[in-house]
Amino acid sequence: MREETVKITTEFIKLDALLKFAGVVETGGEAKQAIQDGEVLVNGETCNMRGKKLRPGDTAELPSAGVRVLVT
């Protein structure tokens, strides 16, 4: 599984924006669909909330794409 690190300068980033910003998905619609389908793990647990706020230290994974994103 490849790992991407995304550095944010704000307090948090929303899950759908993180997936798009990290290049895990190409569009916001693709991010929304993956999240709704239960394909995304946040800190190791399935997350169905596309507006979930991730802060530094959190991780998001899309196992079907073989990608793990670490927020710093």
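- Arg68 contributes atom CZ, which lies 5.5 Å from atom CD of Glu61 (distance to the nearest 0.5 angstrom).
- Under the 4.5 Å side-chain heavy-atom criterion for grouping Ile, Leu, Val, Met, Phe, Trp and Tyr, Leu70 is not connected to Leu54 through any hydrophobic cluster.
- With respect to Glu4 and Arg2, a salt bridge is recorded, a charged nitrogen being found less than 4.0 Å from a carboxylate O.
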In a table with atom names and distances, give each donor-acceptor pair under 3.5 Å that connects a side chain of residues 11-24 to protein atoms at least two apart or in another chain.
unit_1: Glu11; atom_1: OE2; unit_2: Arg55; atom_2: NH2; d: 3.4

Could you go through residues 34-46 and list every donor-acceptor pair under 3.5 Å that involves a side-chain atom there, pairing it with any protein atom two or more places apart or in another chain?
unit_1: Asp37; atom_1: OD1; unit_2: Gln33; atom_2: NE2; d: 2.9
unit_1: Asp37; atom_1: OD2; unit_2: Gln33; atom_2: NE2; d: 3.2
unit_1: Asn43; atom_1: OD1; unit_2: Thr59; atom_2: N; d: 2.8
unit_1: Asn43; atom_1: ND2; unit_2: Asp58; atom_2: OD1; d: 3.0

